[in-house]
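Down below is the structure, laid out as structure tokens.
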Amino acid sequence: MVFWLATLAQAGMVDRIAAVVNDEVIALSEVYDLGRGYILERCPGLADECVKQAEIEILDVQIRRSLIEQELRRLDLAVTAADIDDAINRTVAQYPSLQGVDDLRAEVERSGKPWSAYRDEMQDYLRTERFQLRVLAPQVSINDDEVLDKYQREKRKMKRKTASVKGFGMALPDGTTGLTLEDEMMKALDLVAKLNTGEADFATVQTEQDSANMASTFTREVAEGELVEALDRTIFTTPEGQVAAPVRIGNILFVLKVDSFGERSEVLSFEEVKDQLKNAIFQQRLQEAEEQWYQRARREAAVDVKIK
């Protein structure tokens, strides 16, 4: 088994069939492509019995993935290369510091991950999302009584998300519209890019650029839902330690940096957490629906496991 782990990727090595799912082959090399790290962590000494059990666990994940992919193809919902390209373009658009897909690819490869592996991960994500939302979600129903019951049981344990934030406001000249607004926004985006790369110091820029005198408003901890929706959404979707893209409210461009996230114990009203609780129930029901679907699909499918 150690030999297999060490030499699997060498040219000329003969692969083995791990399983056949409705005439589609899953190779043992695919098991190790997905779970090599898991096997090495779970079985430090690479004992045969431990490795075999880990292989079966990983293979089960791949059988599930194969059955889901086959079901999406049957429904004409398969994820295409164009779908992956669109998702990658949306990812690039979320980060002002990325000028295009080539920049994202450079970042991915700099982290040590092959671009092909990144695209495979994106395909897996899109496949799971599409299967859950298009196939499973229509089977899930939730009523308000269920949500209220969950609230009554959990309200004493509820916590509100918080964020330690720094920020400043860049006042736009009166009557800023069209090309002038675009120019101001591009300047702000360039500034954000420099802040995120460390080319500019946040405290210095905050002092120099806070023409709207907003710095004191944000040099503190804020709770989710405390600020206007645009600022609130920006703060709580920005990665920790990053400066978010500028947010325009009225004649001010807000530039915010999230230093860290936390939480605060607090009994929240039902209306404040209703959507959050409903989503939690929905996600749980989705998982249950997927497990039920998988067990049924596997019983009905022709699955021949070759590794024992």
Side-chain angles (χ1 to χ4, degrees), residues 84-115 117-119 121-122 125-126 129 159-172 181-264 276 279:
I84 299 171
D85 290 339
D86 288 343
I88 289 174
N89 288 330
R90 290 195 299 272
T91 299
V92 170
Q94 293 174 4
Y95 295 92
S97 59
L98 299 176
Q99 300 303 307
V101 174
D102 288 344
D103 283 359
L104 175 61
R105 179 169 183 164
E107 290 293 330
V108 169
E109 293 178 341
R110 192 176 295 120
S111 72
K113 179 181 296 184
W115 182 243
Y118 178 82
R119 288 184 62 90
E121 289 177 2
M122 182 66 75
Y125 170 80
L126 293 174
E129 180 184 56
K159 297 184 178 182
R160 189 190 292 273
K161 292 180 182 178
T162 62
S164 179
V165 180
K166 296 186 181 74
F168 55 90
M170 303 169 66
L172 296 169
L181 175 59
E182 183 177 343
D183 185 54
E184 293 294 329
M185 182 62 77
M186 291 304 298
K187 290 178 183 177
L189 286 169
D190 182 61
L191 186 59
V192 167
K194 290 179 179 178
L195 289 169
N196 278 324
T197 59
E199 187 177 343
D201 173 68
F202 192 90
T204 301
V205 173
Q206 184 182 50
T207 301
E208 294 175 348
Q209 299 292 334
D210 190 33
S211 54
N213 297 316
M214 299 300 297
S216 60
T217 302
F218 293 104
T219 309
R220 63 189 180 93
E221 181 184 84
V222 298
E224 190 173 27
E226 180 180 326
L227 302 175
V228 297
E229 182 181 356
L231 296 179
D232 188 72
R233 182 174 61 251
T234 296
I235 290 171
F236 289 95
T237 57
T238 297
E240 196 171 86
Q242 291 291 300
V243 180
V247 179
R248 182 191 179 192
I249 298 180
N251 66 339
I252 299 176
L253 289 179
F254 289 90
V255 177
L256 305 173
K257 179 183 180 182
V258 177
D259 286 331
S260 61
F261 291 109
E263 56 186 17
R264 165 195 310 166
Q276 178 183 335
N279 183 62

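Sequence positions, counted from 1, serve as the residue numbers for this chain.
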Quick check for you: to the nearest 0.5 Å, what is the distance between [X] atom [atom1] and [Y] atom [atom2]?
X      : Y      : atom1 : atom2 : result
Ile249 : Thr234 : CD1   : OG1   : 8.0 Å
Leu227 : Phe236 : CG    : CZ    : 7.5 Å
Glu184 : Arg248 : CD    : CZ    : 10.5 Å

Can you name the side-chain hydrogen bond (donor to acceptor under 3.5 Å, both in side chains) partners of [X], sequence neighbours left out?
X      : result
Asp85  : Arg119
Glu226 : Arg220
Thr197 : none
Asp259 : Lys166

Name all residues meeting the side chain to side chain contact (heavy atoms under 4.5 Å, CB included) criterion together with [X]; count only those two or more places apart in sequence or in a different chain, and write none if there are none.
X      : answer
Gln94  : none
Thr217 : Met214
Asp190 : Lys194
Thr91  : Tyr95, Leu104, Tyr118, Met122

For [X] against [Y], the heavy-atom pair lying closest together:
X      : Y      : value
Ala230 : Val247 : CB-CG1, 3.9 Å
Val255 : Phe202 : O-CZ, 4.4 Å
Gly250 : Leu172 : O-CD1, 4.5 Å
Phe261 : Pro239 : CE1-C, 4.4 Å
Asp210 : Ala215 : OD2-N, 2.9 Å

- Can you run down the side-chain hydrogen bond (donor to acceptor under 3.5 Å, both in side chains) pairs that involve residues 106-115, sequence neighbours left out, and say none if there aren't any?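 The answer is Arg105-Glu109, Glu107-Arg110, Lys113-Glu121.
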
- Side-chain heavy atoms of Leu189 within contact of Pro246, under 4.5 Å: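 Counting from C-beta outward, Leu189 and Pro246 do come under 4.5 Å.
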
- Answer yes or no: is there a side-chain heavy-atom contact under 4.5 Å between Lys257 and Leu195?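 They are not in side-chain contact.
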
- Query: Between the main-chain N or O of Glu221 and the side-chain N or O of Thr162, is there a donor-acceptor pair closer than 3.5 Å?
  - Reply: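 Not at all, since once roles are kept as given, no pair shorter than 3.5 Å links the two residues.
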
- Message: Going by the rule salt bridge (charged side-chain N to carboxylate O under 4.0 Å, His left out), which residues pair with Asp103 if we only count those two or more places apart in sequence or in a different chain?
- Response: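 Result, salt bridge (charged side-chain N to carboxylate O under 4.0 Å, His left out) vs Asp103: none returned.
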
- Which residues pass the salt bridge (charged side-chain N to carboxylate O under 4.0 Å, His left out) test with Arg90, sequence neighbours left out?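 Here no residue qualifies.
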
- Query: Which of these, Val205, Ile252, Leu256, Leu253, sits in a side-chain contact (heavy atoms from CB on, under 4.5 Å) with Phe168?
  - Reply: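 Result for side-chain contact (heavy atoms from CB on, under 4.5 Å) with Phe168: Val205.
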
- Query: So which pairs with a foot in residues 232-247 pass salt bridge (charged side-chain N to carboxylate O under 4.0 Å, His left out), sequence neighbours left out?
  - Reply: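 Residue pairs passing salt bridge (charged side-chain N to carboxylate O under 4.0 Å, His left out), neighbours aside: Glu229-Arg233.
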
